[in-house]
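Notes follow the structure.
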Amino acid sequence: MTLRIGNASGFYGDRFDAMRDMLTGGDLDVLTGDYLAELTMLILGRDRLKDPVAGYARTFLRQLEDCLGLAHERGVKIVTNAGGLNPAGLADAVRALADRLGIPVRVAHVEGDDLTAAHPHSLAAHAYLGGFGIAACLRAGADVVVTGRVTDAALVTGPAAAHFGWKETDHDRLAGAVVAGHVLECGAQATGGNYAFFRDGDVRRPGFPLAELHDDGSCVITKHPGTGGFVDVGTVTAQLLYETAGARYAGPDVTARLDTVRLAQDGPDRVRIEGVRGEAPPPTLKVGLNKLGGFRNEIVFVLTGLDIEAKAALVREQMEPALGKAADVRWELARTDRPDAPTEETASALLRLVVRDPDQEVVGRVLSGAAVELALASYPGFHVLAPPGKGSPYGVFEEVYVPHGAVDHVAVLHDGRRIPVPPAPDTAVLDEVPEPPLPEPLPPGPTRHAPLGLVAGARSGDKGGNANVGVWARTDDAWRWLAHELTADRFRQVIPESRPLKVTRHVLPDLRALNFVVEGILGAGVADRHRFDPQAKALGEWLRSRHLDIPEALL
């Protein structure tokens, strides 16, 4: 018995017509949509400040207006976390839409994640719930299930538990569903999107992924026939490593052991995942706290031609009096200029000024006025990329942990009945897995100074203020070299930003992969916009571009 679960959204703002494409492109039992991220919760929190009935992803409702009839005709259940901060409000809106369209669907929702009242200085504080609230809704006959902040993988574990009758103690099965859910959650990232070796296929318009799940927790990752992109062991490996850390991948339902995952190509655009082992979840739930951190402003000065360093020094000195009261001032000079450049743009460097302060006035009119006044009184060729603004609020993210019993996890059915969802019956403290033995190193031989990306893929992302960089080898011999060459210390050498920070390396031999966690590189999280690439999306590609002494036998 196979359960076919597809994905139609990896974030709030993903491809609008993906829901229709997934419903019309092939057979499905369940269609999921992931709309939430740390930054999204902050955005929805600010929406709710303006309108108390807001707080959910309105895009989902517009998609459903076009597709609810299709889903009903085809018998496809829809499960989504688009409820955000207001799942009850979105469930009511879906019911009103269904009544207006004359479509008889049963809409349920899950609540209990909102802990904002217990954290009064937060704009939004939400626990990451598991999938058994979703399962309760589906078992009671729901056609559409709306949640707030559940784990991304819960959108798959919930339907799987309902369909196969899994219990909370079926750890191996649940772990397999968690892995499948993690692969699906970011949409086209599993089908060639954002993939290191994107030239291996046509990724101009990748299709969205689906999983064929089995009762034992194994699955096949694939996509609808005729859609773009491709699914192979590499695309699935990349997504498995995305925003993870060590061998234990913890969630509220189960801790999945990523070091037990086995991947195999199962035909064109089909990758089989099996062997996943699970353990009892940790005794606490993660809670994401989103707060307003203050106000931020940014000015990018364009420096063209000769004397770039001297021009940068001049404008910095001229701006200094206006920056004296600011709590945080950062200057970055990006030398994008080239000598004897054929275009003005390629002859120019960018000097970026970022200022933060609790007082909007300090980063607003005071700063912008000082910059504007330099228009005719600074370095030759003075101009900026955009006029300075008044300063905008920025957010900070923090994670805390609470016992399972601290949340009131409830499935609210289509008829108004409320079913309490008990916490996990068994828990286990989350300990690090001992590092596995490394493969035999390659024998000595000639090397060439070349980019790491010639022999390894990478994918990176954000987790609060930390970044992870997953690196994997495409062949056994490349793995033998990579496992010994790219240590945590070597990582620090080739990524200078990480040198003052804690870098932890995790080894996953069955995936021929290393996973690095760089603590604090993103400041207070993505909404803090601490660095040029605030979500560390391209950190892995920077690593791949760095030159190491690579054995010629691998090149």
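Remember, predicted model here, so these are calculated numbers, not experimental data.
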Inset, instruction - Evaluate side-chain contact (heavy atoms from CB on, under 4.5 Å) for L240 paired with L263, printing each intermediate quantity in order. - result: CA-CA 11 Å; L240 275 176; L263 305 180; 4.0 Å; yes
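- For R544 and F197, the positive end sits near the middle of the six-membered ring, less than 6.0 Å away and at most 45° from its axis.
- Listed for the T191 side chain is no donor-acceptor partner under 3.5 Å among the backbone atoms of G229.
- Within a 6.0 Å radius of CZ in R490, other residues, nucleotides and ligands contribute more than 12 heavy atoms.
- Checked against salt bridge (Lys or Arg N to Asp or Glu O under 4.0 Å), E519 has the following partners two or more places apart in sequence or in another chain: K502.
- For L511 against L258, the heavy-atom pair with the smallest separation is CD1-O, 4.3 Å.
- Within the model, atoms CG of L350 and CD of E332 stand 11.0 Å from one another, a figure rounded to the nearest 0.5 Å.
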Contacts table for residues 231-238: side-chain donor-acceptor under 3.5 angstrom, sequence neighbours left out:
from	atom 1	to	atom 2	distance (Å)
D232	OD1	G234	N	2.9
D232	OD1	T235	N	2.9
T235	OG1	A190	O	3.1
T235	OG1	D232	N	3.1
T235	OG1	D232	O	3.0
T237	OG1	V233	O	2.7

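- Note that the CD1 atom of I495 and the CG atom of L501 stand 12.0 Å from one another [nearest 0.5 Å].
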Inset, instruction - Evaluate the side chain to side chain donor-acceptor pair (under 3.5 Å) criterion for residues D34 and N81: first the C-alpha distance (whole Å), next the side-chain angles of each, then the deciding distance (0.1 Å), finally the verdict. - result: CA-CA 6 Å; D34 179 9; N81 61 15; 2.8 Å; yes
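- Remark: R505 does not engage D489 in a salt bridge, criterion side-chain N to carboxylate O under 4.0 Å.
- The two residues G130 and V150 have their closest heavy-atom pair at O-CG1, 4.0 Å.
- With hydrogens and angles disregarded, a donor-acceptor distance shorter than 3.5 Å links the side chain of D113 to the backbone of R149.
- Heavy-atom neighbours of E344 CD from other residues, nucleotides or ligands within 6.0 Å: at or below the threshold of 12.
- No donor-acceptor pair closer than 3.5 Å links the side chain of S9 to the backbone N or O of G33.
- Within the 3.5 Å criterion, the main-chain N or O of K537 finds a donor-acceptor partner in the side chain of S460.
- The shortest side-chain heavy-atom distance between S122 and N290 does not fall under the 4.5 Å cut-off.
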Inset, instruction - Could you walk me through whether E243 and N468 pass the side chain to side chain donor-acceptor pair (under 3.5 Å) test, one step at a time? - result: CA-CA 6 Å; E243 296 182 347; N468 97 287; over 6 Å; no
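- Cation-pi contact between R356 and Y394: present, with separation from the ring centre below 6.0 Å and deviation from the ring axis of at most 45°.
- The CZ atom of R352 lies 9.5 Å from the CZ atom of R330; values are rounded to the nearest 0.5 Å.
- With contacts defined as side-chain heavy-atom distances shorter than 4.5 Å, the pair L213/C219 qualifies.
- Within the 4.5 Å cutoff, the side chain of D337 has no heavy atoms near those of the T346 side chain.
- L353 is listed as a side-chain neighbour of M319, based on a closest heavy-atom distance under 4.5 Å.
- The ring of F382 has its center closer than 6.0 angstrom to the ring center of Y379.
- At distances below 3.5 Å, not a single donor-acceptor pair connects side-chain atoms of R338 with backbone N or O atoms of T343.
- Residues L442 and L554 have side chains in contact (heavy-atom distance under 4.5 Å, counting atoms from C-beta outward).
- When every heavy atom of A82 is checked against every heavy atom of Y35, the shortest pair comes out as CB-CD1, 3.7 Å.
- A distance of 8.5 Å separates CD in E279 from CG in L430, rounded to the nearest 0.5 Å.
- Counting heavy-atom neighbours within 6.0 Å of E345 CD, excluding the residue itself, gives a total of 12 or less.
- A salt bridge links R296 and E298; the closest N-O separation between the charged side-chain nitrogens and carboxylate oxygens is under 4.0 Å.
- Between L123 and L42 the shortest side-chain heavy-atom distance falls below 4.5 Å.
- In this model, a donor atom of one side chain and an acceptor atom of the other lie less than 3.5 Å apart for N515 and T244.
- Aromatic ring pairs are classed by plane angle as parallel below 30°, tilted from 30° to 60° and perpendicular above 60°; the pair H449 and H547 is tilted.
- Listed by chain and number, the residues in a salt bridge (Lys or Arg N to Asp or Glu O under 4.0 Å) with R20 are D66 (sequence neighbours excluded).
- In this structure, OG on S498 lies 5.0 Å from CZ on F491, to the nearest 0.5 angstrom.
- Counting heavy-atom neighbours within 6.0 Å of L306 CG, excluding the residue itself, gives a total of 12 or less.
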Inset, instruction - Please step through side-chain contact (heavy atoms from CB on, under 4.5 Å) for the pair L482 and L514, ending with a clear verdict. - result: CA-CA 9 Å; L482 181 71; L514 306 170; 3.9 Å; yes
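- Within 6.0 Å of CZ in R270 there are more than 12 heavy atoms belonging to other residues, nucleotides or ligands.
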Inset, instruction - Would you please test Y12 and R58 for side-chain contact (heavy atoms from CB on, under 4.5 Å) and show each step? - result: CA-CA 9 Å; Y12 191 9; R58 297 182 184 273; 4.2 Å; yes
Legend entry - Test log, rule side-chain contact (heavy atoms from CB on, under 4.5 Å), inputs V79 and L31: CA-CA 6 Å; V79 179; L31 183 60; over 6 Å; no
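- Checking side-chain atoms of H182 against main-chain N and O of Q239 turns up a donor-acceptor pair under 3.5 Å.
- A salt bridge is defined here as a Lys NZ or Arg NE, NH1 or NH2 lying under 4.0 Å from an Asp or Glu carboxylate O, and D549 with R448 fails to meet this definition.
- Between the side chain of R480 and the backbone N or O of E440 there is at least one donor-acceptor pair closer than 3.5 Å.
- Considering T475, L486, L548 as possible partners of W481, the one that fulfils the side chain to side chain contact (heavy atoms under 4.5 Å, CB included) test is L548.
- Here K286 contributes atom NZ and T151 contributes atom OG1; the two are 10.5 Å apart, rounded to the nearest 0.5 Å.
- When side chains are defined from C-beta on, T147 does not count as touching T80, because their heavy atoms never get closer than 4.5 Å.
- Side-chain atoms of H383 come within 3.5 Å of backbone atoms of G381 as a donor-acceptor pair (strictly under, hydrogens ignored).
- In plain terms, the two heavy atoms of T157 and G131 that are nearest each other are OG1-CA, 3.7 Å.
- N297 places no side-chain N or O within donor-acceptor distance of the main-chain N or O of V355, the cut-off being under 3.5 Å.
- Put simply, the side chain of E398 never gets that close to the backbone of G288: no donor and acceptor are under 3.5 Å apart.
- Nearest heavy-atom pair across A536 and A467 is CB-CB, 3.6 Å.
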